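First up is the structure itself, then whatever we jot down about it.
Sequence positions, counted from 1, serve as the residue numbers for this chain. Only a predicted model underlies this, so the values are computations on that prediction, with no experimental measurement involved.
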Amino acid sequence: MSSSLVAYDDSDSETETEKAEVPNTSRRQTSCPSSSVNRVQYSAPGSLGTKSTYEMQPTENTDSSGTSTVCEDPPEHYAQNNNTDLISPHCRRAYSGHTSLCMSYKNYEQTSSSSTNSGNGISQKRIHKDSTTAIKGIRPYIPKRLRQENSSMPEKKESDQRDSSDCDVKLGISGEQTSRKISELIKPYLGSKYKLTEVPKSLIFYMSKHSGPVNEIQWCPVREQSHMLLSASMDKTVKVWDAVDTGWCLKTYSCHSCAVRAARWSSCGRRILSGGFDSMLHLTDVETGKQIFSSKNEFRISALKFHPTESNIFICGGFSPEVKAWDIRTSKVLRVYKAAVQQTLDILFLPEGREFLTSTDAVSRDSADRTIIAWDFQSSAKISNQIFHERYTCPSLTLHPKESMFVAQTNGNYMALFSAQRPYRINKKKRYEGHKVEGFAVGCEFSPDGTLLVTGSSDGKVFFYNYHTARIIRTLSAHKEACVSAIFHPVLPSLLATCDWAGEIKIWQ
């Protein structure tokens, strides 16, 4: 069943063909032919007794040597490609007036074959399959399996390079110049204490570069660089904004392959820690985009917090009963805090960092013990799990800046006030209610002076509560979708940033 494609030259006589049938392959000839076209006869691979004649047209090529070399060794391996013709390393060269000839061979599959020399001709021993030479312009058939393998190879190489490369960074408008500047609006407040917080009324900037819901926003903790706002979104990106002077997006970091659930500034303001639903942890340099720390976790990440006094240690939690403490310097897990829960919703360090709280989704039919758990940071022991007994989960926790108190946002459409000291008693006389949570991870936060408590709402509004009286001071209709976060600026009084489930970020004053 073997077959081959044979090209015949009818213009030549039989005598001329017979003279060219027997090439000598055991030696190399040195000659200066006068004709402009040379003919070479080979036995077609996979067929016995059938010869192919190839005409080789000379191409002009200047060479310093005046000798001509004819390499008549037949190619042991042919190459064939679906798109382009590959030039065989076995090229026949003939120099006539400084000219060179080269023949390209094509083959569907590379097969190992051994060439045997006979007295009258050359024959190739077939080992696996028949290999045929293809005429130019005719594409050989390639099985579907091989086509799929070839098409998947570039995708695998791109994915491998993406995993090994640094974080992709896109600069916004003049992002390189404005990321490290000191805002002229912030300079007058750097040497003075924070003034009394007032409720913001007017919209300054409307920023909508995210294509997915914004999960979290945070001002830069360094006072001189606090014009920068960090945002983490479900569109797999982390962005840094100039939210004080221009409202422009300075930089975009694309390190994750899935939604980014949490992102935090480091205490120095030069690094960003991010975690998401791809179970990856990335510590990225703000200026260069290089990944200083990167690790694969066993679960999807939903909460991240740096230690308040040890800047190289952070805690992460997510869709797992475990909460882990990591050390950036060694890229290893320091401690594991185990609890019989399904998911960790938020993490809050208490003053001095010796203890921390975790809010979980452990709610039973009769009670909600383990909804908020207090942990000893050094020993990994549970201090208390009998803190909040009502049947509501707490999607967010926040600490009062001056008093030893913390607030828990609950899915019961109210915020509960607790003592930050053992035994973490709830204040039953104060309850901040009026907003709606309805299953969203709505955040809450105190103003820097501790007089106001601000929270988002599932109806898109922002509620301002008086901390001491628990009364609503003002309601701001900020967004059309659910407002999931609202935070005050750490230096500028009455400057507020809000974000919603539609991917919008707004700055109010």
From [X] atom [atom1] to [Y] atom [atom2], the distance as rounded to the nearest 0.5 Å:
X	Y	atom1	atom2	value
S457	D500	OG	CG	12.5 Å
H282	S295	NE2	OG	9.5 Å
L334	I313	CG	CD1	5.0 Å
D245	L185	CG	CG	5.0 Å
I507	L496	CD1	CG	8.0 Å
S183	Q225	OG	CD	10.0 Å

Please work out which of the three classes, parallel, tilted or perpendicular, describes the rings of [Y] and [X], given edges at 30° and 60°.
X	Y	value
Y432	Y467	parallel
F356	W375	parallel
F418	F406	parallel

Using a 4.5 Å cut-off on heavy atoms from C-beta on, say whether the side chain of [Y] contacts that of [X].
X	Y	value
L417	H400	no
T455	V437	no
V238	T284	no
I272	W265	yes
I204	L495	yes
I217	W241	no
S294	M280	yes
L230	C220	no

Return yes if a side-chain donor-acceptor contact under 3.5 Å exists between [X] and [Y], otherwise no.
X	Y	value
T410	E390	no
S359	D346	no
K239	T252	yes
H435	Q409	yes

[X] side chain to [Y] backbone, donor-acceptor under 3.5 Å:
X	Y	result
K332	D327	no
S485	E216	no
D278	S257	yes
H227	I186	no
K305	I347	yes
H489	S226	yes
N411	G439	yes
T237	Y253	no
H307	T309	yes

Locate the shortest heavy-atom distance separating [X] from [Y]; write the atom from each residue and the value.
X	Y	value
F349	P308	CG-CD, 3.6 Å
L281	C316	CD1-SG, 4.2 Å
T360	L345	O-CD1, 3.7 Å
T246	D242	OG1-OD2, 3.3 Å
F488	S447	CD1-CA, 3.6 Å
F388	A416	CE1-CB, 4.5 Å

message: Determine whether N215 and V260 satisfy the following criterion, side-chain contact (heavy atoms from CB on, under 4.5 Å), listing intermediate values before the conclusion.
response: CA-CA 8 Å; N215 291 316; V260 184; 5.7 Å; no

field: Residues I182, L190; criterion side-chain contact (heavy atoms from CB on, under 4.5 Å); working and verdict
entry: CA-CA 10 Å; I182 300 178; L190 293 177; 4.3 Å; yes

Would the number of heavy atoms belonging to other residues, nucleotides or ligands and lying under 6.0 Å from [atom1] of [X] be above 12?
X	atom1	answer
K324	NZ	yes
K236	NZ	no
K338	NZ	no
K480	NZ	no
E403	CD	yes

query: Can you name the one residue among K209, H210, Q218 that meets side-chain hydrogen bond (donor to acceptor under 3.5 Å, both in side chains) with S231?
result: H210

- request: Take S279 and K296 through the side-chain contact (heavy atoms from CB on, under 4.5 Å) test and state the conclusion after the steps.
  value: CA-CA 6 Å; S279 304; K296 179 76 173 180; 4.0 Å; yes

Criterion side-chain contact (heavy atoms from CB on, under 4.5 Å) against F319, the qualifying member of Q342, R300, E298: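 For F319, the side-chain contact (heavy atoms from CB on, under 4.5 Å) check succeeds only for R300.
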
Looking at [Y], I'd like to know if the NZ or CZ of [X] sits under 6.0 Å from its six-membered ring centre while staying within 45 degrees of the ring's axis.
X	Y	result
R474	F464	no
R431	Y414	yes
R261	F277	no

field: Verdict with reasoning, R270 to V222, per side-chain contact (heavy atoms from CB on, under 4.5 Å)
entry: CA-CA 9 Å; R270 295 192 295 266; V222 180; over 6 Å; no

